[in-house]
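Here's the structure we're looking at; comments come further down.
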2 protein chains.
Amino acid sequence: MRKTPPEIPDVILNRLPLYYKHLKKIKNKNIEYISSEELAKHTGFSSSLIRKDLNYFGTFGKKSYGYDVSCLCRQIQLIMGMHISKTLIIIGAGNMGQALAFNSGLNERGYKLKALFDVKVDLIGKSINGSPILSTEELIPFIKKEDIDIAILTVPSEVAQEITDIIIRANIKGIWDFTEIPLKVPDHVFLEEQHINEGLCKLSYKLFQNHPY
Amino acid sequence: MRKTPPEIPDVILNRLPLYYKHLKKIKNKNIEYISSEELAKHTGFSSSLIRKDLNYFGTFGKKSYGYDVSCLCRQIQLIMGMHISKTLIIIGAGNMGQALAFNSGLNERGYKLKALFDVKVDLIGKSINGSPILSTEELIPFIKKEDIDIAILTVPSEVAQEITDIIIRANIKGIWDFTEIPLKVPDHVFLEEQHINEGLCKLSYKLFQNHPY
DNA sequence: CTCCAAAAGATAATAATTTCACAATATTTA
DNA sequence: TAAATATTGTGAAATTATTATCTTTTGGAG
Ligand SMILES: NC(=O)c1ccc[n+]([C@@H]2O[C@H](COP(=O)([O-])OP(=O)(O)OC[C@H]3O[C@@H](n4cnc5c(N)ncnc54)[C@H](O)[C@@H]3O)[C@@H](O)[C@H]2O)c1
Ligand SMILES: NC(=O)c1ccc[n+]([C@@H]2O[C@H](COP(=O)([O-])OP(=O)(O)OC[C@H]3O[C@@H](n4cnc5c(N)ncnc54)[C@H](O)[C@@H]3O)[C@@H](O)[C@H]2O)c1
């Protein structure tokens, strides 16, 4: 039933996790089947867009019935590779780094947090939510030895590029960046920039777009 | 020089903060003028797209010269309403809530954090980065008295809708939601959902899209 | 002072995304 | 068992977004 997807447009990859989020909520209400029309009401996307998006990956629906909620959840998990075990480190064990060490979304998506890294001596040696905080000096050997897939970057923005260059030398595969300054990475490294304050910008814009300035 | 913008497409509102981010970085290097072509190299967007986006809001460039970096930064700040003072509370003073209380992006964008709220008695009375943690019982009177514009929601997902309904009754204007379950809000309330784990989904997808599953 | 080059701004062309509309098919009911 | 109904999957049409091209303006070189 699943297709081998061609190049998937980014807009679709952005919507998929949102479908997933809503489907989980629907599943929790013990609703077994849902039509694209109903899901459209929940998500705010049009029903035909939803059907089209899903059909990129396969035919998951049942005519005259709709979609099996659990089954669709599972399919999206598979598409997103949530069942594949991935290794992870957090660099910068400050406010954001420590908060993310408690992010239950990591486990749910197949990530295993192996360690946090910091330069502060009073942090090194402690452990957060079961993961040790190590010295950044151990960064390169650790990435190599533990074959780390992804690094979460929560260091101060000023040192972000410096750290990035280091972990790239250690052959990191992907970077999830929370810092405020844009990073340069080579093409073979996947970079996902988490522009947190962008959401805030949109909120202010929308709240005050009709106001004088 | 500034136009009164018509309805701005969302794609442009998403890019504007990214332009801002790159311009700040460029400004820090003491570069005074930048051409759309140069900015394109930095941001990854095409030069004509950048020019087009900016022209939605006014004519900020100087022919044969490019854009004055400081001036363009300032213009984007104005467009985004960063100069307008806005009041803010954080509901849920856990890991994420406390981390966000240290988010310097808040001040930079004109937000004044007035308080955090929680139900845990051992948190209430403490203060984080200069803002007090109050009991959720004070939520409604506080929002009304202090005329709070925006609430950051960092409570457990299970209670998110319940809290949302409360703050809407207290006439909150906007909600910046970090929880994992989609919220229902009336049309007059601006909701910005911060789908943090979406970025993670995209990373896994891209790392493993060619792998068997 | 005139010409040349650079780069914005405007317009036209192309490409991507979304919606529309309907045929195909499964389920339910009579 | 046949007709009625629901709802998917999908090609075509419409819309929206992006890129390419052209025109205009400005600053600087000669
Ligand atoms: N806190 C937020 O809400 C928030 C929001 C948006 C973006 N960010 C960004 O996230 C990043 C972290 O923010 P934060 O609030 O957690 O800051 P923080 O200062 O609390 O944490 C940064 C940590 O990085 C450590 N560090 C410094 N240099 C290091 C190095 N070379 N190697 C390893 N670790 C190093 C510090 O010791 C500190 O523990 C910043 O870039 C910030 O701009 C934070
Ligand atoms: N930690 C992360 O990295 C992360 C990532 C993505 C999303 N989130 C989401 O952000 C939210 C908060 O996450 P967290 O890690 O900070 O959790 P947390 O448990 O550390 O914090 C939640 C806080 O909310 C408080 N709380 C509970 N019920 C409340 C109520 N009715 N009113 C006010 N406060 C209440 C709790 O006492 C606690 O202090 C969750 O919904 C989580 O799914 C967190």
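Order of the sequence lines fixes the chain letters, A, B, ..., with proteins taken first and strands second; residue numbering starts at 1 for each chain. Given the structure is predicted, the values throughout are model-derived calculations rather than measurements.
Among B/Leu153, B/Val155, B/Ile152, B/Ile150, the one residue that satisfies the side-chain contact (heavy atoms from CB on, under 4.5 Å) test with B/Ile90 is B/Ile152.
The number of heavy atoms from other shown groups lying within 6.0 Å of CD (B/Glu32) does not exceed 12. Residue B/Lys114 places its NZ atom among 12 or fewer non-hydrogen atoms of other residues, nucleotides or ligands, all under 6.0 Å distant.
Between B/Tyr33 and B/Tyr65, the gap from one ring centroid to the other is short of 6.0 Å.
Taking side-chain N and O atoms only, A/Arg51 has a distance below 4.0 Å to OP1 or OP2 of D/dT8. Of the side-chain N and O atoms in A/Ser46, one or more sit less than 4.0 angstrom from OP1 or OP2 of C/dT19. Side-chain N/O atoms of B/Tyr67 include one lying less than 4.0 angstrom from OP1 or OP2 on C/dG9.
Judged purely by distance below 3.5 Å, without hydrogens or angles, the side chains of A/Ser204 and B/Tyr111 pair a donor atom with an acceptor atom.
Summary of the strand contacts: B/Gly66 and A/Tyr65 both lie near DNA chain C, and taking for each the nucleotide with the nearest heavy atom, the more 5' one is attributed to B/Gly66.
Atom pair B/Ile50:CD1 and D/dT18:C1' shows a separation of 12 Å (rounding to whole Å applied). Per the geometry, CG belonging to A/Leu54 stands 15 Å off C1' belonging to C/dT18, to the nearest Å. Regarding B/Asn55, its CG atom lies at a distance of 16 Å from the C1' atom of D/dA17, rounded to whole Å.
Comparing D/dG27, C/dA21, C/dA10 by their nearest atom to the side chain of B/Lys62 picks out D/dG27. Among the nucleotides C/dA8, D/dT19, D/dG9, the one closest to any side-chain atom of B/Leu49 is D/dT19. Closest contact between the side chain of A/Lys63 and the listed nucleotides C/dA10, C/dA7, C/dT25 involves C/dT25. The nucleotide whose nearest atom lies closest to any side-chain atom of A/Ser48 is, among D/dT8, D/dT19, C/dC20, C/dC20.
Within residues 9-44 of chain A, the residues having any heavy atom closer than 4.0 Å to DNA chain C are, in order of number, A/Pro9, A/Val11, A/Arg15.
A salt bridge links B/Asp10 and A/Lys202; the closest N-O separation between the charged side-chain nitrogens and carboxylate oxygens is under 4.0 Å.
Counting atom types as modelled, A/Lys52 pairs a side-chain N or O with a base atom of C/dT19 as donor and acceptor under 3.5 Å. Between the side chain of A/Ser64 and the base of C/dT27, no donor-acceptor pair of N or O atoms lies under 3.5 Å.
Looking only at distances, a side-chain donor or acceptor of B/Ser157 sits under 3.5 Å from a matching main-chain atom of B/Glu180.
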